Visitor: 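Structure provided below as structure tokens; questions to follow.
If you're wondering where the values come from, they're calculated on a predicted model, not measured in any experiment. Residue numbering restarts at 1 for every chain, and letters A, B, ... go by the order of the sequence lines.
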Amino acid sequence: MTNTHTIKFSVYRYDPEKDQEPYMQAMSLELPKGSDMMLLDALEYLKAQDQSLTFRRSCREGVCGSDGLNINGKNGLACMTHVSELKQPIVVRPLPGFPVIRDLVVDMTQFYRQYEAIQPYLINDNKTETKEFLQSPKDREELDGVYECILCACCSSSCPSFWWNPEKFIGPAGLLWAYRFIADTRDTATEQRLANLEDPYSLFRCRGIMNCVQVCPKGLNPTRAIGKIRSKLLQRAV
Amino acid sequence: MVKRVLSSTALGRTGVSDWLVQRVSALIMLAYVVFMLGFYLGHSSIDFGTWHGLFASTWMRVFNVLLLLSVLGHAWIGIWTVLTDYVKCAYLRGTLQILIILGFLACLVWGIQIFWV
């Protein structure tokens, strides 16, 4: 009886300078029986076997949002996914719908542009106030479940509306952030923010299928935030 | 690139109005289906006379035309959404939209003629 067990992987590989087209590479790892690790650590071990394997990583604890991947068909953070919980072979692909730069690394430019477009910063035109802008604990509570977003793009990359119209539809992550500032009592640009969202695409291309909610590694609910913005848009329009 | 589409071939000017039309038209269609089921279940036998009597009344004519407008409006918003999702070539998308709108307008005129005259 051996004291190790084999974990099988199928990893998406693509180097545009060498490969005609992407392919899946079978890889495996020997682990001591009964041991477990996060998928990110497993990828590091696989990279030790094949140094050309490329992926993004940074904090390795679900805070930086660098290692969003498609794992066995579902988007998630490699650093927060236990290898033992995954069916083998573990199929690892880059985030769907985003252009692949190499292997598991995707181009997130469009995702960030939509984020930038919702003006992700506090706007306050109250020029006479010289002290800090205070909030009641109750007003602050409205930002819970919204401000925690780490922009890993797991949600937007699982959203068909964002796949088809990434230039016109802001996507779940951007809309969650839009709500974070619309709901902030210290922000004075609410009207301007809402006016930017009333067209048929920016927000209304959301069909409420809740893929974003299903994959969010932080347990956030972009669909609910979108619903809240929609209510505000309705109150404003009727 | 980020595009903000401020005028489009959607039904209304904003996503808000389309969203509202979609919900209200759905309610009208639901009311129609419920009413029709009730009408069927409320009559043990339906002959031409009952049928004709129902459709000849002014309120039923109004209800029918409301239904027709709801079906066409609802369908247009849905089809416009599907076309703008999946048909990437603008010329083909525009052509399909024009053909469908013409078909819908024909249905509207023809339907009003059937229901009202």
Visitor: Can any side-chain N or O of Lys88(B) pair as donor or acceptor with the backbone N or O of Trp164(A) at less than 3.5 Å?
Guide: yes
Visitor: What is the distance from atom CG of Leu197(A) to atom OG1 of Thr14(B), rounded to the nearest 0.5 Å?
Guide: 12.0 Å
Visitor: Has Tyr23(A) got more than 12 heavy atoms of other residues, nucleotides or ligands less than 6.0 Å from its OH?
Guide: yes
Visitor: Is it the case that over 12 heavy atoms from other parts of the model lie below 6.0 angstrom from the CZ atom of Arg13(B)?
Guide: no
Visitor: So for Thr81(B), is it side chain, backbone, both, or neither that comes closer than 4.5 Å to the heavy atoms of chain A?
Guide: both
Visitor: So with a 6.0 Å cut-off around CH2 of Trp110(B), is the heavy-atom count from everything else above 12?
Guide: no
Visitor: Within the structure provided, determine whether Glu167(A) and Val5(B) are in side-chain contact (heavy-atom separation under 4.5 Å).
Guide: no
Visitor: If you round to the nearest 0.5 Å, how far is CD of Gln114(A) from CE of Met1(B)?
Guide: 10.5 Å
Visitor: Which value, rounded to the nearest 0.5 Å, describes the distance between Arg207(A) atom CZ and Asp85(B) atom CG?
Guide: 7.5 Å
Visitor: Minimum heavy-atom separation for Leu6(B) and Asp199(A), please, with both atom names.
Guide: CD2-CB, 4.5 Å
Visitor: Which one, Ser202(A), Ala117(A), Ala237(A), leads in non-hydrogen pairs under 4.5 Å with chain B?
Guide: Ser202(A)
Visitor: Are more than 12 heavy atoms from other residues, nucleotides or ligands located less than 6.0 Å from atom NZ of Lys218(A)?
Guide: yes
Visitor: For Thr84(B), is it the side chain, the backbone, both or neither that has a heavy atom under 4.5 Å from a heavy atom of chain A?
Guide: both
Visitor: Measure distances from Gln110(A) to the heavy atoms of chain B and classify the residue's part below 4.5 Å as side chain, backbone, both or neither.
Guide: side chain
Visitor: Does the side chain of Leu20(B) reach to within under 4.5 Å of the side chain of Val238(A), using non-hydrogen atoms?
Guide: yes
Visitor: Does any heavy atom of chain B fall under 4.5 Å from the side chain of Arg230(A), the backbone, both, or neither of them?
Guide: side chain
Visitor: Is the CD atom of Glu116(A) crowded by more than 12 outside heavy atoms at less than 6.0 Å?
Guide: no
Visitor: Has Arg224(A) got more than 12 heavy atoms of other residues, nucleotides or ligands less than 6.0 Å from its CZ?
Guide: no
Visitor: Heavy atoms, side chains only, cut-off 4.5 Å: are Leu234(A) and Trp19(B) in contact?
Guide: yes
Visitor: Which heavy atom of Pro200(A) sits nearest to which heavy atom of Trp80(B), and what is that distance?
Guide: CB-CH2, 3.8 Å
Visitor: Are there more than 12 heavy atoms of other residues, nucleotides or ligands under 6.0 Å from atom CZ of Arg205(A)?
Guide: yes
